[in-house]
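Just below is one structure, and these are the notes that go with it.
Both counts, for ligands and for their atoms, begin at 1 and track the order of listing. For this chain, numbers begin at 1 and follow the sequence in order. Just so we're clear, the structure is a prediction, and the values are computed from it rather than from any experiment.
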Amino acid sequence: MAKIIDGKIISAEIKEQLKKKVSAFTDKFNRKISLAVILVGENPASQVYVKNKIKAAEFVGIESLAFYLPEDSTQEQVNDLVLSLAKDEKVDGILVQLPLPKQINEDQVLNLIPAEKDVDGFLAENLGNLAMGNPSTVACTPFGVIQMLKHENIELCGKNAVVIGRSNIVGKPMAMLLLNENCTVTVCHSKTSNLKEICCNADILVAAIGKPLFVKEDMVKDGAVVIDVGINRTENGLVGDVDYKAVFDKVSYITPVPGGVGPMTIAMLMENTYNCALRRQNAL
Ligand code: NAD
């Protein structure tokens with residue numbers, strides 16, 4: 001039977017500690033830490049994410065500046081907003097909630113965020129620093145996964161880690177973080193031919209695919225640590241990429257969906273914002 005890694009509890013601890021650090025920052029530098037959040041359009045999932053991010057910021061004492069732009073906004077309007085926030089001395093972090101409406105080129109928008117305000121860690125400079133083994137701002141979701149593994153004192157050094165998914169925001173930074181922790185890392189993706197065989201060799205298996213209940217019992221090794229990043233909306237509610245019930249008795253640790261990686265992502269966004277503010281004060 002697996003031990004459940006509870007993202008709600010771990011993220012609550014992180015946010016409690018952060019609350020104290022943010023308060024000390026405000027006292028020391030005589031200013032609030034400020035996070036700009038941009039939501040374009042009315043995607044219901046994005047609205048929920050933004051609401052939760054603003055709530056978390058409020059809890060830890062970070063001021064959030066929310067910008068809601070209409071669905072039919074132009075590239076120029078979104079670019080102009082990001083450019084003005086990039087220049088604004090008061091703003092420590094800029095978060096553009098993805099996905100953006102079809103008419104907007106996401107890369108163009110994201111590339112207007114200065115690397116020091118890139119609280120999502122999506123920019124090439126931040127991903128590159130991670131790849132060089134000298135991380136600056138790390139993408140919130142994989143950063144949160146590493147914190148969960150460390151919280152549980154799970155040995156990483158020398159272990160076989162398999163990441164399913166190679167996106168720039170989850171799979172790739174996840175693989176690099178595990179490599180930095182001295183895991184032997186294999187990255188699988190939609191073109192991987194012997195996926196099951198590779199997964200069965202994983203001491204640590206991270207699923208970031210976006211396919212409901214994709215990882216079955218015959219894809220996990222006995223005693224593996226299974227981290228489920230997936231969030232899939234189905235008629236039975238939110239489910240992960242791992243068939244939780246099917247693998248539960250076989251693995252040693254597992255993250256639930258919901259209540260696993262999701263809350264950690266938000267906590268790490270707050271941590272990243274705090275660290276961006278420290279760097280802007282030359283205090284990190
Ligand atoms: P993505 O669509 O950009 O990437 C999915 C990856 O899965 C791709 O690299 C693709 O090659 C791989 N893949 C697809 N089908 C596959 C198959 N049959 N076999 C092996 N690999 C396959 O998605 P993403 O942005 O990386 O997100 C992945 C999942 O994680 C989604 O469910 C997303 O909602 C979720 N997510 C959760 C959080 C969180 O906070 N918990 C944050 C970000 C993303």
Side-chain angles (χ1 to χ4, degrees), residues 4-8 10-12 14-15 37 43-53 55-56 95-100 106-107 110 119-122 127 130 137-149 161-178 185-202 205-216 218-220 226-234 236-244 254-272:
I4 298 167
I5 310 179
D6 191 327
K8 280 199 224 151
I10 305 171
S11 64
I14 292 174
K15 284 188 286 182
V37 181
N43 178 319
S46 294
Q47 284 174 328
V48 173
Y49 291 139
V50 163
K51 202 178 99 202
N52 289 339
K53 289 169 185 178
K55 210 168 113 190
L95 180 150
V96 179
Q97 184 64 46
L98 301 179
L100 291 170
E106 283 182 358
D107 285 345
L110 295 181
V119 284
D120 267 327
F122 289 170
L127 193 59
L130 177 63
T137 303
V138 176
C140 304
T141 301
F143 189 17
V145 170
I146 287 289
Q147 299 309 314
M148 292 175 112
L149 295 169
V162 173
V163 180
I164 319 177
R166 59 171 162 185
S167 71
N168 289 337
I169 63 172
V170 187
K172 282 184 201 159
M174 187 72 253
M176 291 189 270
L177 280 166
L178 290 163
V185 183
T186 308
V187 182
C188 298
H189 47 79
S190 54
K191 303 285 188 283
T192 299
S193 53
N194 49 345
L195 183 67
K196 198 188 281 189
E197 192 188 315
I198 296 170
C199 291
C200 282
N201 196 29
L205 181 65
V206 182
I209 314 158
K211 293 211 154 77
L213 314 181
F214 181 89
V215 175
K216 304 288 183 194
D218 61 355
M219 291 173 73
V220 296
V226 176
I227 306 289
D228 192 351
V229 176
I231 300 179
N232 305 290
R233 284 171 173 72
T234 71
N236 300 320
L238 276 193
V239 300
D241 288 345
V242 177
D243 191 339
Y244 185 87
I254 192 163
T255 61
V257 177
V261 176
M264 291 300 291
T265 297
I266 296 186
M268 300 332 286
L269 173 69
M270 298 304 126
E271 185 84 30
N272 280 351

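- The environment of NZ in Lys216 is crowded: more than 12 heavy-atom neighbours from other residues, nucleotides or ligands sit within 6.0 Å.
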For residues 254-272, which side-chain N or O atoms pair as donor and acceptor with protein atoms under 3.5 Å away, sequence neighbours left out?
| unit_1 | atom_1 | unit_2 | atom_2 | d |
| --- | --- | --- | --- | --- |
| Thr255 | OG1 | Asp228 | N | 2.8 |
| Thr265 | OG1 | Thr141 | OG1 | 3.0 |
| Thr265 | OG1 | Val261 | O | 3.2 |
| Glu271 | OE2 | Lys21 | NZ | 3.2 |
| Asn272 | ND2 | Val119 | O | 2.9 |
| Asn272 | ND2 | Val138 | O | 2.9 |

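- Side-chain contact between Leu205 and Val220 is present, with at least one heavy-atom pair separated by less than 4.5 Å.
- When each of Val226, Leu213, Val239, Ile4 is tested with Tyr244 by the rule side-chain contact (heavy atoms from CB on, under 4.5 Å), just one qualifies, namely Ile4.
- The residues lining ligand 1, counting any heavy atom closer than 4.0 Å, are Thr141, Ile164, Gly165, Arg166, Ser167, Ile169, Val170, His189, Ser190, Leu195, Ala208, Ile209, Gly210, Lys211, Phe214, Val229, Gly230, Ile231, Asn232, Val261, Gly262, Thr265.
- The nearest pair of heavy atoms linking Leu100 to Glu106 is N-OE2, 2.9 Å.
- Here the CD1-OG1 distance, from Ile198 to Thr186, works out to 6.5 Å after rounding to the nearest 0.5 Å.
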